[in-house]
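From a predicted model like this one, the values you see are computed outputs, not experimental measurements.
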Amino acid sequence: MSQIDTNPYWNQFEPVSKNWFFTFAFICFFIDFVGILTNLLVLYYLIRKRNKGSSNGKIFIINLALTDMLNLTINIPLKTLSNLNQKWIFGKAGNSKSIQF
């Protein structure tokens with residue numbers, strides 16, 4: 001297992017229990033599942049809703065739902081898999097600020 005460069009401050013604490021990793025992975029999976037389902041319902045409702053033209057508010061909400069689904073389908077599964085493995089498994093290429101929100 002490769003050692004990760006960490007701030008020496010964190011060395012004074014005990015390692016996190018394995019149960020916390022699995023608990024957090026389950027919570028991430030649940031949030032991901034519910035989030036994707038609710039965003040699909042919002043998109044379905046807004047796209048099926050027929051009114052006079054497209055309002056700016058409707059376009060904004062569709063944009064928010066799409067970007068949230070993008071976050072839920074990329075970032076949350078990466079965090080879930082890493083928690084199940086109890087370390088960041090995607091190397092330095094996947095360790096960017098966009099993923100570590």
Side-chain angles (χ1 to χ4, degrees):
M1 176 174 5
S2 65
Q3 191 67 10
I4 299 172
D5 294 332
T6 58
N7 189 318
Y9 170 79
W10 296 108
N11 293 334
Q12 67 182 334
F13 300 104
E14 292 293 322
V16 179
S17 169
K18 292 181 180 184
N19 293 335
W20 285 109
F21 283 105
F22 293 118
T23 302
F24 188 68
F26 175 76
I27 291 169
C28 283
F29 175 77
F30 181 74
I31 289 171
D32 197 29
F33 178 74
V34 171
I36 289 173
L37 181 64
T38 54
N39 280 316
L40 284 174
L41 290 173
V42 166
L43 288 173
Y44 176 76
Y45 173 76
L46 290 175
I47 291 172
R48 297 278 297 166
K49 184 178 176 185
R50 302 283 184 201
N51 59 0
K52 301 173 189 172
S54 295
S55 67
N56 289 337
K58 181 179 174 182
I59 293 171
F60 179 69
I61 298 298
I62 290 173
N63 186 26
L64 282 177
L66 288 173
T67 54
D68 189 36
M69 285 196 46
L70 185 64
N71 181 36
L72 290 168
T73 55
I74 295 174
N75 293 341
I76 302 295
L78 293 178
K79 285 186 163 293
T80 303
L81 288 173
S82 291
N83 276 295
L84 288 174
N85 289 301
Q86 301 174 14
K87 63 180 180 176
W88 185 254
I89 60 174
F90 300 103
K92 291 189 179 214
N95 195 7
S96 69
K97 293 295 180 189
S98 65
I99 292 176
Q100 302 280 331
F101 54 90

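- A donor-acceptor contact shorter than 3.5 Å is absent between the side chain of Asn63 and the backbone of Ile59.
- A distance of 4.5 Å separates CG in Asn71 from CG in Asn75, rounded to the nearest 0.5 Å.
- When the ring-ring contact (aromatic ring centres under 6.0 Å, His included) test is applied to Phe60, no partner is found at least two apart in sequence or on another chain.
- Using a 4.5 Å cut-off between side-chain heavy atoms of Ile, Leu, Val, Met, Phe, Trp and Tyr, with links allowed through other members, Leu64 and Leu40 fall into the same hydrophobic cluster.
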Please table the atom pairs, donor to acceptor, closer than 3.5 Å between any side-chain atom in residues 11-37 and protein atoms at least two apart or in another chain.
{"unit_1": "Gln12", "atom_1": "NE2", "unit_2": "Tyr9", "atom_2": "O", "d": "3.3"}
{"unit_1": "Ser17", "atom_1": "OG", "unit_2": "Asn19", "atom_2": "N", "d": "3.3"}
{"unit_1": "Thr23", "atom_1": "OG1", "unit_2": "Asn19", "atom_2": "O", "d": "2.7"}

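- With sequence neighbours excluded, the residues that form a side chain to side chain donor-acceptor pair (under 3.5 Å) with Asp68 are Asn39.
- Between Met69 atom CE and Leu43 atom CG the span is 6.5 Å, to the nearest 0.5 Å.
- Expressed to the nearest 0.5 Å, how far OG1 of Thr67 lies from CD1 of Ile62 amounts to 12.0 Å.
- Counting Ile, Leu, Val, Met, Phe, Trp and Tyr side chains that sit under 4.5 Å apart, directly or through other members, Tyr44 stands alone, with no cluster partners.
- Rounding to the nearest 0.5 Å places NZ of Lys79 at 14.0 Å from CD1 of Ile74.
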